[in-house]
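Numbers here are sequence positions counted from 1.
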Amino acid sequence: MQSGRQQATTATRRLMTEYRQMTRGSDPSEDMFIAGPIDENNFFEWEAYIKGPDETPYEGGIFCAKLSFPRDYPLNPPKMRFDPPLMHPNIYADGNVCISILHSPGDDPNMYESSSERWSPVQNVNSILLSVLSMLSEPNIESGANIDVCKLFRDNRALYEKTIRGFVRQQLGLPAEASKPNIHAQGTST
């Protein structure tokens with residue numbers, strides 16, 4: 001069994017390797033996100049910028065997230081938090097991301113996820129960010145982190161999408177969408 005210092009050394013080497021792989025520029029997902037250590041003297045704290053997936057309410061946005069890696073990485077997953085928090089069924093109100101790939105390895109005590117859906121040491125930063133992109137495109141309301149947002153997504157999808165698009169526009173410094181005249185309500189508009 002490795003000591004804490006040995007685990008941290010192993011984790012640092014692994015994170016350095018992942019960082020080099022991500023900066024090579026050969027991955028087709030590179031236009032969807034970038035990630036790396038906040039400070040190259042500390043490979044356990046990363047920042048990621050994720051592009052909102054096309055044809056989703058997040059389209060056009062660039063979202064910042066922090067990844068905090070444990071000293072025994074890759075045996076255990078990092079924690080991920082959007083900063084500022086992102087409105088999404090699988091993101092807690094404080095910005096913490098709740099998806100299977102970030103859950104500790106092994107059997108789910110609630111018996112909701114299979115162990116194959118949870119973290120394993122073969123996963124990496126790239127696979128985490130790809131999973132987050134998938135989550136943004138297709139929320140899992142069966143296992144929601146933010147119950148109010150799950151309810152809005154389920155009960156009023158139009159308002160959910162409008163709210164997300166408003167957040168993206170605000171983030172980009174754009175004015176709120178102007179309401180369009182309803183030409184069918186009162187006949188024709190001029």
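With sequence neighbours left out, Lys79 forms a salt bridge (charged side-chain N to carboxylate O under 4.0 Å, His left out) with no residue at all. Take Ser68 and apply the side chain to side chain contact (heavy atoms under 4.5 Å, CB included) test, not counting sequence neighbours, and it matches Glu45. In this structure, the side chain to side chain donor-acceptor pair (under 3.5 Å) partners of Asn76, at least two apart in sequence or on a different chain, are Asp72. Scanning for salt bridge (charged side-chain N to carboxylate O under 4.0 Å, His left out) contacts around Glu161 gives Arg165, with sequence neighbours left out. In this structure Phe167 satisfies the ring-ring contact (aromatic ring centres under 6.0 Å, His included) test with no other residue, sequence neighbours excluded. Partners of Glu18 according to the side chain to side chain donor-acceptor pair (under 3.5 Å) rule, which considers only residues two or more places apart in sequence or in another chain, are Arg14, Tyr73. Among residues two or more places apart in sequence or in another chain, the side chain to side chain contact (heavy atoms under 4.5 Å, CB included) test is passed with Ala145 by Tyr92, Cys98. Remark: Asn96 engages Asp94 in a side chain to side chain donor-acceptor pair (under 3.5 Å) (not counting sequence neighbours). In terms of the side chain to side chain donor-acceptor pair (under 3.5 Å) criterion, Arg81 has no residue partners (sequence neighbours excluded). Judged as a ring-ring contact (aromatic ring centres under 6.0 Å, His included), and not counting sequence neighbours, the contacts of Phe63 are Tyr58.
Although no hydrogens or angles enter the test, the distance criterion places a donor-acceptor pair under 3.5 Å between the side chain of Trp119 and the main chain of Pro74. Using modelled atom types, no side-chain atom of Gln123 and backbone atom of Ile101 make a donor-acceptor pair closer than 3.5 Å. Of the possible donor and acceptor atoms, one in the side chain of Thr163 sits under 3.5 Å from a partner among the backbone N and O of Leu159. Checking side-chain atoms of Asn90 against main-chain N and O of Ser143 turns up a donor-acceptor pair under 3.5 Å. At least one donor-acceptor pair under 3.5 Å links the side chain of Ser137 to the backbone N or O of Leu133. Distance alone, capped at 3.5 Å, places no donor-acceptor pair between the Arg169 side chain and the Leu174 backbone. The backbone N or O of Pro77 lies less than 3.5 Å from no partner atom in the side chain of His103, so there is not a single donor-acceptor pair.
Atoms CZ and CD1, on Arg118 and Ile99 in that order, are 12.5 Å from each other to the nearest 0.5 Å. To the nearest 0.5 angstrom, Ile141 atom CD1 is 6.0 Å from Arg154 atom CZ. We find the CE-CD1 distance between Met135 and Ile128 to be 12.0 Å, quoted to the nearest 0.5 Å. Here the straight-line distance linking atom CZ of Phe33 with atom CD1 of Ile62 works out to 12.5 Å at 0.5 Å rounding. With values rounded to the nearest 0.5 angstrom, Asn140 atom CG is found 10.0 Å from Glu138 atom CD.
Residue pairs meeting the ring pair (Phe, Tyr, Trp, His ring centres under 6.0 Å) criterion with at least one partner in residues 141-165, sequence neighbours excluded, are Phe153-Tyr160. Listed by first and then second residue, the side chain to side chain donor-acceptor pair (under 3.5 Å) pairs involving residues 48-57 are Glu47-Tyr49 (not counting sequence neighbours).
Test Trp46, Phe43, Phe44, Tyr19 against Phe69 for ring pair (Phe, Tyr, Trp, His ring centres under 6.0 Å) and you get one pass: Trp46.
Inter-residue side-chain proximity for Gln21 and Asn126 is flagged as unmet; no heavy-atom pair is nearer than 4.5 Å.
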